[in-house]
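What follows is one structure encoded as structure tokens, with my remarks underneath.
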Amino acid sequence: MPESMHGGDIYSYEREYGEKPLDFSSNINPLRMQKAVLAALCEAAIHADCYPDPHSTSLCRKLAQFEQVAQDWVLCSGGAADLIYRIVYAYRPKRALLLAPSFSEYEAALRAGKCRIQFARLEATEQFQLTEAFLEELTSGYDILFLCNPNNPTGQIIPANLMEKIVKKCRENQILLVVDECFLDFSEHFQELTVKKYLQNNPYLIVLKAFTKTFALAGARLGYILCSNRDLLEQIAAAGQPWPVSTLAQAAGEAALQNAAEYLEKTRKYLKREREFLRYGLTCCGYKVFESHANYLFFLAQDTQLVQKMRQEGILIRGCENYRGLGPGYYRIAIRRHEDNIKLLGAFERI
């Protein structure tokens with residue numbers, strides 16, 4: 001089997017060492033799954049002998065209320081990655097524009113769809129921040145653009161005024177803009193930064209989100225998109241298998257939304273405190289830490305063997321050299337519970 005391109009591979013570690021590691025390689029909500037969600041999963045298991053609702057009707061209704069959009073703008077599927085592939089298969093773009101570095105599944109899906117890709121490089125000298133110069137790249141020669149906000153793995157956000165200009169220019173040039181906001185609810189500025197406000201009467205905009213990171217439901221596989229283009233939504237829905245969301249995932253999603261506002265506000269306050277704690281600790285270890293608006297930190301170290309050394313300490317971190325546009329020495333760590341974060345810094349200090 002090919003090696004995973006992503007974090008979260010606790011299984012190979014267990015096979016090698018016979019125990020579970022501390023996983024800082026996957027960016028899951030450190031407050032963990034809510035008790036009500038676990039209860040809903042257990043209750044839904046009783047009905048696992050029946051097919052799930054193919055349209056996730058009840059879940060979509062509650063998502064529409066949570067996101068404050070029309071219900072027929074919502075489409076659920078088995079995780080954000082599944083929706084990325086569905087979008088590409090449905091839209092069939094011929095030429096795409098991507099940032100480098102950014103989430104690798106955009107490129108993987110586009111290459112599977114035989115799409116030509118142009119890359120706009122984010123520079124370390126600019127802290128990997130997207131700038132106004134990017135607007136010059138947005139010409140009518142492209143069919144689709146994926147943007148991750150906050151970006152993965154850097155944690156940088158796209159300023160609201162720049163994003164507004166990008167949305168406008170994409171619409172003018174008929175470029176389908178897919179904005180991945182899977183980490184945006186972790187940012188204190190989520191209301192200001194979301195592009196949901198531009199969805200109305202805009203057939204060239206899709207917002208991508210997931211329960212995976214936000215509600216600590218990575219194993220359940222549940223993602224969704226928001227789009228006012230009903231024809232495009234129907235094409236995306238038809239681009240995959242007919243039961244995209246399991247009965248258990250639908251139940252978990254509905255339960256997660258019941259207390260979502262309070263849970264996410266508590267998460268944001270926790271992350272703000274722990275992000276600074278980890279940033280200070282990493283800086284004291286001599287690493288260059290970049291600004292982050294997500295539930296992870298991106299940093300540069302002279303030691304290019306940190307993944308292997310931390311693995312021997314029983315800790316998984318994400319080496320980022322396989323991100324396009326990055327090389328050895330770049331790493332990403334999730335923000336976990338405080339006691340785990342202390343263990344992480346202790347391991348870094350020993351190394």
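Note that the coordinates shown come from a computational prediction; the quantities given were computed from them, not determined experimentally.
- Hydrophobic clustering, with ILVMFWY side chains joined whenever heavy atoms are under 4.5 angstrom apart, keeps Y17 apart from L306.
- In this structure, H338 has its ring center closer than 6.0 angstrom to the ring center of F277.
- Under a 3.5 Å cut-off, the side chain of Q241 and the backbone N or O of W243 do form a donor-acceptor pair.
- Nearest heavy-atom pair, T304 versus G329, reported as atom, atom and distance to 0.1 Å: CG2-N, 4.1 Å.
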>> Test salt bridge (Lys or Arg N to Asp or Glu O under 4.0 Å) on K209 and D185; report intermediate values, then the result.
In response: CA-CA 9 Å; K209 300 190 73 173; D185 282 325; 2.9 Å; yes
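- Judged purely by atom type and a 3.5 angstrom limit, R221 has no side-chain atom pairing as donor or acceptor with the backbone of P244.
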>> Pair L63, W73 - check side chain to side chain contact (heavy atoms under 4.5 Å, CB included), show working.
In response: CA-CA 10 Å; L63 271 171; W73 293 6; over 6 Å; no
> Are L344 and L22 close enough, and set up right, to give a side chain to side chain contact (heavy atoms under 4.5 Å, CB included), and what steps lead you there?
Replying inline: CA-CA 9 Å; L344 175 76; L22 269 179; over 6 Å; no
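- Counting heavy atoms of neighbouring residues, nucleotides and ligands inside a 6.0 Å radius, atom CD of E262 does not exceed 12 of them.
- Using modelled atom types, no side-chain atom of S26 and backbone atom of I28 make a donor-acceptor pair closer than 3.5 Å.
- Side-chain atoms of Y106 and D180, non-hydrogen and from C-beta on, do get closer than 4.5 Å to each other.
- Counting only distance, with no hydrogens or angles, the side chain of Q156 and the backbone of Q127 share a donor-acceptor pair below 3.5 Å.
- Two residues are said to be in side-chain contact when any heavy atoms from C-beta on lie closer than 4.5 Å; R279 and F299 fail this criterion.
- In summary, the side chains of D53 and S56 do not present any donor paired with an acceptor at a separation below 3.5 Å, with no hydrogens or angles considered.
- Open room surrounds CD on E43; 12 or fewer heavy atoms of other groups in view lie less than 6.0 Å from it.
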> Does the pair R318 and Y331 meet the rule for a side chain to side chain contact (heavy atoms under 4.5 Å, CB included), with working shown?
Replying inline: CA-CA 6 Å; R318 180 68 160 89; Y331 303 94; over 6 Å; no
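- A 4.5 Å side-chain heavy-atom check between R337 and D340 finds at least one atom pair inside the cut-off.
- The minimum heavy-atom distance between C182 and T214, with the atom names listed, is O-OG1, 3.5 Å.
- In summary, the side chains of Q191 and H189 do not present any donor paired with an acceptor at a separation below 3.5 Å, with no hydrogens or angles considered.
- Taken from CD1 in I175 to CD1 in I144, the straight-line distance is 10.5 Å, to the nearest 0.5 Å.
- Between the CG atom in L99 and the CD atom in E137 there is a gap of 9.5 Å [rounded to 0.5 Å].
- A ring-centre distance under 6.0 Å is found for F348 and Y287.
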>> S140 vs Q174, test: side chain to side chain donor-acceptor pair (under 3.5 Å). Steps then yes/no.
In response: CA-CA 7 Å; S140 57; Q174 298 183 348; over 6 Å; no
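- Ion pairing between D23 and R336 fails under the 4.0 Å rule for side-chain N and carboxylate O.
- Of the possible donor and acceptor atoms, none in the side chain of N29 sits under 3.5 Å from a partner among the backbone N and O of A216.
- Donor-acceptor pairing under 3.5 Å is recorded for the side chains of E254 and S58.
- Annotation for A249 and S246: closest pair N-OG, 3.0 Å, computed over non-hydrogen atoms.
- Under a cutoff of 6.0 Å and an axis angle of 45°, R268 and F190 form a cation-pi pair.
- The existence of a salt bridge linking K309 and D303 is confirmed by a sub-4.0 Å separation between a basic side-chain nitrogen and an acidic carboxylate oxygen.
- Ring centroid separation for the pair Y296 and F183 comes in under the 6.0 Å cut-off.
- Counting only distance, with no hydrogens or angles, the side chain of Y204 and the backbone of E172 share no donor-acceptor pair below 3.5 Å.
- Judged by distance alone, with hydrogens and angles left aside, the side-chain atoms of N152 form no donor-acceptor pair with the main-chain N or O of S102 at under 3.5 Å.
- Considering CG of L38 and CE of M33, their distance stands at 6.0 Å, rounded to 0.5 Å.
- Crowding of K197 atom NZ: a count of heavy atoms from other residues, nucleotides or ligands under 6.0 Å exceeding 12.
- By the 4.5 Å heavy-atom criterion applied to side chains, S77 and Y224 are not counted as neighbours.
- Using a 30° and 60° split on the angle between ring planes, F290 and F128 fall in the perpendicular class, above 60°.
- How far CG of L135 is from CG of L162: 5.5 Å, rounded to the nearest 0.5 Å.
- L130 contributes atom CG, which lies 9.0 Å from atom CG of N149 (distance to the nearest 0.5 angstrom).
- Between L145 and L138 the shortest heavy-atom distance is CD2-CD2, 3.7 Å.
- Residue R111 qualifies as enclosed at atom CZ: its count of foreign heavy atoms under 6.0 Å is above 12.
- With hydrogens and angles disregarded, no donor-acceptor distance shorter than 3.5 Å links the side chain of K20 to the backbone of I10.
- Under the 3.5 Å distance criterion, with hydrogens and angles disregarded, no donor-acceptor pair is assigned to the side chains of Q200 and S228.
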> Taking it one step at a time, do I333 and F298 satisfy side chain to side chain contact (heavy atoms under 4.5 Å, CB included)?
Replying inline: CA-CA 7 Å; I333 57 163; F298 178 64; over 6 Å; no
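- With a 4.5 Å cut-off on side-chain heavy atoms, E105 and E107 do not count as touching.
- Between Y323 and Y330, a ring centre-to-centre spacing not shorter than 6.0 Å is recorded.
- The closest side-chain heavy-atom distance from V179 to L208 is not below 4.5 Å.
- Contact of the Y198 side chain with the V195 side chain is registered, since non-hydrogen atoms from C-beta on lie closer than 4.5 Å.
- Open room surrounds CZ on R32; 12 or fewer heavy atoms of other groups in view lie less than 6.0 Å from it.
- Panel note: side chain R332, backbone I317; no donor-acceptor pair is recorded below 3.5 Å.
- Within the 3.5 Å criterion, the main-chain N or O of P153 finds no donor-acceptor partner in the side chain of N27.
- A salt bridge links E132 with K165: at least one charged nitrogen is closer than 4.0 Å to a carboxylate oxygen.
- Around OH of Y280, the count of heavy atoms belonging to other residues, nucleotides or ligands within 6.0 Å does not exceed 12.
- No more than 12 heavy atoms of other residues, nucleotides or ligands shown are found within 6.0 angstrom of CD on Q302.
- Taking the ring centre of F119 as origin, the terminal cationic atom of R324 falls inside the region bounded by 6.0 Å and 45° from the ring axis.
- Scanning all heavy atoms of the two residues, the minimum distance from L59 to Q250 falls at CD2-CA, 4.2 Å.
- Seen from the ring of F66, K62 does not count as a face-on cation partner, given the 6.0 Å and 45° thresholds.
- In this structure the side chain of Q129 never reaches within 4.5 angstrom of the side chain of L122, judged on heavy atoms.
- Between A96 and L110 the shortest heavy-atom distance is CB-CD1, 3.6 Å.
- One finds the CG atom of N229 at 8.5 Å from the OH atom of Y91 (value rounded to the nearest 0.5 Å).
- Q68 CD: 12 or fewer foreign heavy atoms inside a 6.0 Å radius.
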